[in-house]
There are 2 protein chains.
Amino acid sequence: MPDTSIPTAIAGTRHDHSRCISTAMTTARSLCAQKGVRLTELREQVLNLIWQSHKPLGAYELMEQLARETTRRVAPPTVYRALEFLLEQGLVHRINSLNAYVGCTHPRQEHATNFLICRHCGVAIEFASVPLESSLQASADELGFVIEAHSIEVVGSCKRCTDQGVASHEH
Amino acid sequence: MPDTSIPTAIAGTRHDHSRCISTAMTTARSLCAQKGVRLTELREQVLNLIWQSHKPLGAYELMEQLARETTRRVAPPTVYRALEFLLEQGLVHRINSLNAYVGCTHPRQEHATNFLICRHCGVAIEFASVPLESSLQASADELGFVIEAHSIEVVGSCKRCTDQGVASHEH
DNA sequence: TTGGAAATGTTATATAATAACACGTTCACC
DNA sequence: GGTGAACGTGTTATTATATAACATTTCCAA
Ligand SMILES: [Zn+2]
Ligand SMILES: [Zn+2]
Ligand SMILES: [Zn+2]
Ligand SMILES: [Zn+2]
């Protein structure tokens, strides 16, 4: 079995991103094969474009890049359908506060959408936390609410940007 | 000083909603006076419309209702500017996953945006939890991330809908 | 009073997402 | 190898959400 996940929170650090890309693509292919769903060329192209960085990418930016890459016109439904597929398979997440999409770093596990998003460099860092999930569950239990899904989007400054003092150069 | 908050999680329960509305409006007026900002007629109208229920209201629905109420045409910037003001003052929250706006139940306190959202009846229940905030902070600390704001949107079934078996009648 | 800031009105446009239908590809089954 | 149903993609049009830019009005402090 191929590599199956990308180290937690690598997004916020210096790292060899080409490894992120290849790991993500390999995992995606194997995961789709396993589930018996088709990772078509288009879907793979879209996933690959999304994985070019850890910054969430808007559907229309994606569309432009896809058009450039394929040298033909690409209409919105094309990318939205690919995104829909990738979301269903858990290969990408949607960042609601940004209307943008980012690759999932551990698509094999069922999990919620928890992100730290840097206001300065734009990076979205996926994270998980057992205590966080339990206290969320406790809050819901208290009110008799049955959780089906959740998304946490934290905005702030990542370590790199804070260390570089980017946060202090603000207008 | 007038009543300052609405009981936690009242949204998901049977209650006298007219009290929610009057409390919210009174608190808003007093809060704006205190801060030296103007709760104009338009802004108050918008806030009042949003408070007609605990279901987040879209900007365009709001626009229509406002147009009906004032019997004149209302353009998008009108409502968006009012919403911007209300968001700044902490009187309403935006639910990113729904592109919709809902009244804040405790506008006097600084706080994040945490909601339980019922898929069946549409109600958004604002909640707070100290353990939740601390575990979130712990996750961020671990990665050197400085939190500026966050939003948690939980989707599921509220107690009322679960009790009424709405959740089981699904297609 | 009066002049500048704040609020609102108005028109146009940007940005994000989906509907509806046509066309092509794949693959199990014959 | 043919065939058709399911799935995937192309294409056009439209809907939904939000903002830009500038004109006009209202408010309030000096
Ligand atoms: Zn990387
Ligand atoms: Zn950063
Ligand atoms: Zn109420
Ligand atoms: Zn409900």
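Order of the sequence lines sets the chain letters (A, B, ...), proteins ahead of strands, with each chain counted from 1.
For D:dG10, the base has a donor-acceptor partner in the side chain of A:Arg81 [N/O atoms by modelled type, under 3.5 angstrom]. Contact annotation: side chain of A:Tyr60 to base of C:dA16, donor-acceptor pair present below 3.5 Å.
Rounded to an integer number of Å, the gap from A:Tyr80 OH to D:dT12 P is 19 Å. Remark: P of D:dC7 and NZ of A:Lys35 are 17 Å apart, rounded to the nearest angstrom. Rounding to whole angstrom units, CD of residue A:Gln89 and P of D:dC7 are separated by 13 Å. Nucleotide C:dT8 holds its P atom 10 Å from the CG atom of B:Leu39, rounded to whole Å. Atoms CD (A:Glu41) and C1' (C:dT25) sit 13 Å apart, rounded to a whole Å. Between the CD atom of A:Glu64 and the C1' atom of C:dA16 there is a distance of 13 Å, rounded to whole Å. Summarising the geometry, the separation between CG on B:Leu83 and C1' on C:dA7 is reported as 15 Å, rounded to the nearest angstrom. Between the P atom of D:dG8 and the CD atom of A:Glu44 lies a distance of 15 Å, rounded to the nearest Å.
Residue A:Arg73 has no polar side-chain atom (N or O) positioned under 4.0 Å from OP1 or OP2 of D:dT11. In this model, the phosphate group of D:dT9 is not approached by any side-chain N or O of A:Thr78 to a distance below 4.0 Å at OP1 or OP2. A sub-4.0 Å separation between OP1 or OP2 of C:dT8 and a side-chain N or O of B:Thr40 is present.
Between A:Phe85 and A:Ala75, it is A:Phe85 whose nearest contact on DNA chain D lies nearer the 5' terminus. Mapping B:Arg72 and A:Pro76 onto DNA chain C by nearest heavy atom places B:Arg72 at the nucleotide closer to the 5' end. Mapping B:Pro77 and B:Val37 onto DNA chain C by nearest heavy atom places B:Val37 closer to the 5' end of the strand. Nearer the 5' end of DNA chain D, as judged by each residue's closest nucleotide, is the contact made by B:Glu61, out of B:Glu61 and B:Arg38.
Remark: side-chain polar atoms of B:His111 are paired, donor with acceptor, to backbone N or O of B:Gln109 under 3.5 angstrom. Counting only distance, with no hydrogens or angles, the side chain of B:Glu142 and the backbone of B:Ser139 share no donor-acceptor pair below 3.5 Å.
Nearest heavy-atom pair across B:Arg43 and B:Leu39 is CB-CD1, 3.9 Å.
Heavy-atom contacts from other residues, nucleotides or ligands closer than 6.0 Å to CD of A:Glu88 number more than 12.
A:His54 places none of its side-chain heavy atoms less than 4.5 Å from the side chain of A:Ile125.
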